[in-house]
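When a ligand or atom number is given, it counts from 1 through the structure's own listing order.
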Amino acid sequence: MAASSSAAPVLLRILSASVSVVNRAGRIIKDVMRKGDLGIIDKGIDDLQTEADRSVQHCIVTSLSRQFPKISIIGEEELDSEGKVLDEWIVTSLDSDVLAKKCPENLASIPEEKVVVWVDPLDGTSEYTQGLLDHVTVLVGIAVNGKAIGGVIHQPYYNYQVEKDVYKQGRTLWGMNGIGVFGIEKKAPCEGKRIITTTRSHSNKNVNLTIDAMKPDEVLRVGGAGHKVLLLIEGRAHAYVFASKGCKKWDTCAPEALLHILGGKLTDMHGNSLEYHKDIQYLNSGGVLATYDAAVHEWYRERVPEEVKKTLPP
Ligand SMILES: Nc1ncnc2c1ncn2[C@@H]1O[C@H](COP(=O)(O)O)[C@@H](O)[C@H]1OP(=O)(O)O
Ligand SMILES: [Mg+2]
Ligand SMILES: [Mg+2]
Ligand SMILES: [Mg+2]
């Protein structure tokens, strides 16, 4: 018998609300694409923002802050608070599958004000503007005491090659320490080959130097931090290697939480764990190194060239 929503621990309710709201976010992303005008703003070098990024951030941040006024929510996009937030974007339903789970003792008593939620409303914006739609994910990461302990990854265009009704496409993965991960099946990557996944739209000399040092048989250059971690979980790549300063805590919080629960490992290029306190620097200045299995992480870390590490102060 599922706990009634009010009796459920607040972390479980935040996770449940996050699952509900990302599904609404996915529909906004599809509606903007279908409208045909993406409302692209150029935020800086290789750093675009579309109407979907803006609208989804309003949807997620407003929905969660209405239900959980004491949590800290940090979203990628800097939006003016007067930005129009449509009533139809406000989601206050809770996902019953999540509420049915038992929250582990050590998390059940965490108070709302200790929770930091990291929101990437649309990860893979560059690929979204170029029509590489299955690279797009919506990321909601949940952190307590600086650690990523849970989160949600929504992939609105998942299975778009098979399912032709765009509003039936998509999947949502969610999970929390001590509960597990749902919505995806962990698969081991092929043996006898080394497949590395990395950026498609933010590459540079050091990114490629580092990958070469790891002697891959194949390099998958795709968009999105969330998308690349999905490739690790589904056994399509052995490691995600991004020896650059480009991504931020909202890119890695949810993917790290789910990958760690499934036995993988995500750190910076020095092997340092990432911290997710609300006042931490947003930039992942040490880069991102993630492997499908924690046991192989050291093999990759020790092959990061010294001259590259010097350019990535943790
Ligand atoms: N140089 C950069 N400037 C802005 N965002 C970046 C940069 N590098 C990476 N990112 C963010 O990290 C994600 C992973 O990088 P990549 O897709 O290149 O592998 C990107 O989708 C982008 O997130 P977002 O699309 O949410 O802005
Ligand atoms: Mg961005
Ligand atoms: Mg991102
Ligand atoms: Mg984004």
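In summary, Glu76 places an N/O/S atom under 2.8 Å from the Mg ion (ligand 2), meeting the contact criterion.
Considering both main-chain and side-chain atoms, Asp123 comes within under 3.5 Å of ligand 1 through a nitrogen or oxygen pair. Taking distance alone, with nitrogen or oxygen atoms compared against 3.5 Å, Glu76 approaches ligand 1 more closely than that limit. On a distance-only criterion, Glu127 and ligand 1 share no N/O pair closer than 3.5 Å. Considering backbone and side-chain atoms together, Asp120 places an N or O closer than 3.5 Å to an N or O of ligand 1. Below 3.5 Å of separation, one finds an N or O of His202 facing an N or O of ligand 1. Below 3.5 Å of separation, one finds no N or O of Gly223 facing any N or O of ligand 1.
Judged by the 6.0 Å distance and 45° axis criteria, Arg301 is not positioned over the aromatic ring of Trp299.
In the model, His154 has no side-chain atom that pairs as donor or acceptor with a side-chain atom of Thr137 under 3.5 Å. Judged purely by distance below 3.5 Å, without hydrogens or angles, the side chains of Thr311 and Glu307 never pair a donor atom with an acceptor atom. For the residue pair Lys249 and Asn284, a side-chain donor N or O sits within less than 3.5 Å of a side-chain acceptor on the partner. There is no side-chain donor-acceptor pair under 3.5 Å between Glu76 and Gln57. Counted by atom type alone, Thr172 and Asn23 present one or more donor-acceptor pairs between their side chains at under 3.5 Å. Inspection of the Tyr158 and Glu163 side chains reveals no N or O donor paired with an N or O acceptor under 3.5 Å.
Between Leu122 and ligand 1 there is a heavy-atom distance shorter than 4.0 Å. For Lys248, the heavy-atom gap to ligand 1 drops under 4.0 angstrom. Residue contacts with ligand 1 include Ala225, since one of its heavy atoms falls under 4.0 Å from the ligand. Gln49 does not count as a contact of ligand 1, since none of its heavy atoms falls under 4.0 Å from the ligand.
Ligand-side atoms of ligand 1 in range of Ser201: 18 (O), range being under 4.0 angstrom from any heavy atom. Proximity to Gly124 (heavy-atom distance under 4.0 Å) selects the following atoms of ligand 1: 21 (O), 24 (P), 25 (O), 26 (O).
To the nearest 10 degrees, the angle centred on the Mg ion (ligand 3) between OD2 in Asp120 and OD1 in Asp251 reads 90°.
At a 4.0 Å heavy-atom cut-off, ligand 1 does not touch Lys245 at all.
Counting heavy-atom neighbours within 6.0 Å of Lys43 NZ, excluding the residue itself, gives a total above 12. For Lys164, the NZ atom sits in a packed shell: over 12 heavy atoms of surrounding residues, nucleotides or ligands are nearer than 6.0 Å.
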